[in-house]
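Down below is the structure, laid out as structure tokens.
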Amino acid sequence: MLLALDTSTDWASVALFDGRDVLAEETWHAQRRQGDELFPAIERALLMTRTALSSVDRVAVAVGPGSFTGLRVAIAAGQGIARGNGAALVGISTLDVLAYPHAPSKQRTCPLLRAGRDQFYAAFYQERNRKWMRRSPFLVASLDEICRQIGTHTLFVGEIDAEMEAALRDLLGPKALFASPASRVRRAGYLAELGWRELETRTQVKISEIEPLYVRQPSIRGSFEQPFASPPSDERALGLPKRS
Amino acid sequence: MRILAIETSCDETGVAIVEDGRRIRSNIVASQLVHQDTGGIVPEVAAREHLRSLDVLTEKALRDAGRQLAEIDAVAATVGPGLIGCLLVGANYARGLALAAGLPFVGVNHLEGHVYANWLYETEDIPPEPEIPAIVLVVSGAHSDLVLMEAHRRFRPLGRTIDDAAGEAFDKVARLLHLGFPGGPVIERVAKDGNPNAFPLPRALPADRFDFSFSGLKTAVLRLVRELEKKGDVPVADVAASFQKAITEMLAEKTARAAAEHAVETVLLGGGVAANLVLREAIARRIGHPLRVPRPGLCTDNGAMIGAAAFYVLRHRGTEIPVAARSDLKLA
Ligand SMILES: [Zn+2]
């Protein structure tokens, strides 16, 4: 059984997944109350499915980019659960979770989240050779700068308010496509799927190594018109020293 | 009862295992030296460090105590007051740990932790508990609180600082004298070679009888140092000693008055500044009660004090146990 926890932004989400089906999911607008509301939501999910936390042997947490304080709520909780019952813990990028449900659309997909002031977190995803992948580093940039990297039709998902939508339409005209409101919400069911898959293939890292992606510095360099080289490692994308 | 306790309210990550609120089995504190470069605490940096070290320290605390998680009876964590981003890390980790291990979670008020540090020992022969009611002075970089402890879990705040915390005043004067961070220990050391009567400094007495104010003193030290700089040479030891004398007398004065006006058995100290020997002597001189102070390592923030407080929270139920993290949590 896998428990998925996401407190990356004002929106929070919790899900239980048994490897085949999502058994319970709750997604809510927590604003700054993720710290108070996460555990009651976990307990509700366990109660609804009559699951004991002792039978949860996998935990997936969203690691951003997103609000640093918000991200640490779910990550700290996930670390504690992993220590408490020996569950395997995995971190999945919040933008990967947002883009993932749109893979069947075959559209170039760009999840967007506010990064404070006029900055946004973004990345580009596309299917190529039947493989859905992130094709860019994680970006922190203004909408202007992000749109300068866009040449083709792009599907925007994530937390897009009316003002952002208008700005994107201004900048890109008909090339800007928007996912429907329900399908652009970030849901822990998808995080659970990605986390499950990741744990099938990846060996467990140390609990303390699961931490937020602290994306800060603007990392747009060069053009994304030929973005189809294999994506850089997160360390390189974020300008971090490679972990040994 | 064996409690695993976590403290992350400020810039020290602490994890401890405490038995029956009194006996420390392990107590690990990771101080975040990175803040020495900035001369203060950067909340975002502190929260990152907590998350990086918390699980490693928890594993080590269990190992040092020679215990498995299965031998623990409850998990406790500080839920306030403190830096909210830091509190959230410790509190959520602890809640996850407790829920997954099937243990009760106890949210602890950090100030209660400083009080109950006076109950803690590392050796087999544990002295009797401090007698209550007691007057408690909690002084650190974040707090300057004068509290009446009427009974276990019954606290009545008498006074607090209306501007800086006492430890902050130490830090700011240390910076002014180019002595580094944190200011408390370094000022105490330098002041040993100085004349505490070299410079008379003002002692502010706020209208509220048990409140403190240190900003006037801080400004006076600033003015003094600027004047001395103009003349050429700053006698650092004399300035440090004069400042230390003034601030410890302000704290001692009000603590002694609170003890005299309330029928208490004991005076207890807590918080990083309580490690200051000049302060202890100044208070001991003025009171007719026994004075108890935790050993210096237990005055500063640590997990063991949270474990001690958590034990008394569980033993003296009645008041609700806080669960949610609150930066401005008050004493019950
Ligand atoms: Zn403290």
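Below, read A as the first sequence line, B as the second, and so on, with proteins coming before strands; counting in each chain starts at 1.
- At least one side-chain heavy atom of A/I42 sits less than 4.5 Å from a side-chain heavy atom of B/L99.
- Considering every non-hydrogen atom in both B/L51 and A/P212, the closest pair reads CD2-CD, 3.5 Å.
- Distance check, rounded to the nearest 0.5 Å: CZ of A/R83 to CG of B/L54 gives 10.0 Å.
- In this structure, A/I75 and B/Y93 have side chains that are not in contact, with every pair of non-hydrogen atoms separated by 4.5 Å or more.
- Between B/R52 and A/S208, the shortest heavy-atom distance links the atoms O-CB, 3.6 Å.
- You'll find the side chain of A/D36 reaches within 4.5 Å of the side chain of B/R326, heavy atoms only.
- Contacts from residues 72-90 of chain B to chain A, taken as heavy-atom pairs separated by less than 4.5 Å, involve B/G85, B/L88, B/V89 in sequence order.
- Only the side chain of A/E43 comes within less than 4.5 Å of a heavy atom of chain B; its backbone N, CA, C and O stay farther away.
- Of residues 12-27 of chain A, no residue lies under 4.5 Å from chain B by any heavy-atom pair.
- Atom CZ of B/R22 sits in a crowded spot, with more than 12 heavy atoms from other residues, nucleotides or ligands closer than 6.0 Å.
- Both the backbone and the side chain of A/I81 come within contact range of chain B, judged by heavy atoms closer than 4.5 Å.
- Heavy atoms closer than 4.5 Å to chain A are found in both the backbone and the side chain of B/A47.
- In this structure, B/R315 places its CZ atom where more than 12 heavy-atom neighbours from other residues, nucleotides or ligands lie under 6.0 Å away.
- Listed by chain and residue number, nothing satisfies the side-chain contact (heavy atoms from CB on, under 4.5 Å) test with A/D118 (two or more places apart in sequence, or in another chain).
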Please list every donor-acceptor pair under 3.5 Å in which a side-chain atom of residues 57-64 of chain A meets a protein atom from a residue at least two apart or in another chain.
unit_1	atom_1	unit_2	atom_2	d
A/D57	OD1	A/M1	N	3.0
A/R58	NH1	A/E200	OE2	3.0
A/R58	NH2	A/E200	OE2	2.9

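- With respect to B/E44 and A/R72, a salt bridge is recorded, a charged nitrogen being found less than 4.0 Å from a carboxylate O.
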